[in-house]
Amino acid sequence: MIIRTGFRPVLENGISGMGLPRESPLAVEFPIPMFDPSSDLTPVEKNIDKIIYALTQWRPKTKSTGLYNPPKIKIKGKDYPDALEKLK
């Protein structure tokens, strides 16, 4: 993917929110001004091999599929207020 600098965490969150592995075929990160209509696209030309690789050959390291259900956290207390205090 071609994304703006600093946008990767947002992208990973969106991808994982759909139940997919967080990793993505990231080709290149570019600074925000490059996405302006009148910007210089030379950085894209210089990185075209990375972009083509990401679109045609990249494979995720994660081989498993499906959703990951982490174990639930249990907080015990003598009553609700006690358990709530232990949670802090």
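It should be emphasised that the depicted structure is a prediction, and the values quoted were computed from it without experimental measurement. Residue numbers start at 1 and run along the sequence shown.
Here the closest non-hydrogen pair linking Asp82 and Asp79 is N-OD1, 2.9 Å. Nearest heavy atoms, Gly77 versus Lys86: CA-NZ, 4.1 Å. Heavy atoms only, all atoms of each residue included: Gly6 and Pro9 are closest at O-CD, 3.6 Å. Shortest non-hydrogen contact noted between Ser39 and Pro33 is CB-O, 3.3 Å.
Separation of atoms CD (Glu29) and OG1 (Thr5) is listed at 5.5 Å; rounding is to 0.5 Å. Taken to the nearest 0.5 Å, the CD1 atom of Ile48 stands 8.0 Å off from the CD atom of Glu45. With rounding to the nearest 0.5 Å, the separation of CG in Asn47 from CD1 in Ile52 is 11.0 Å.
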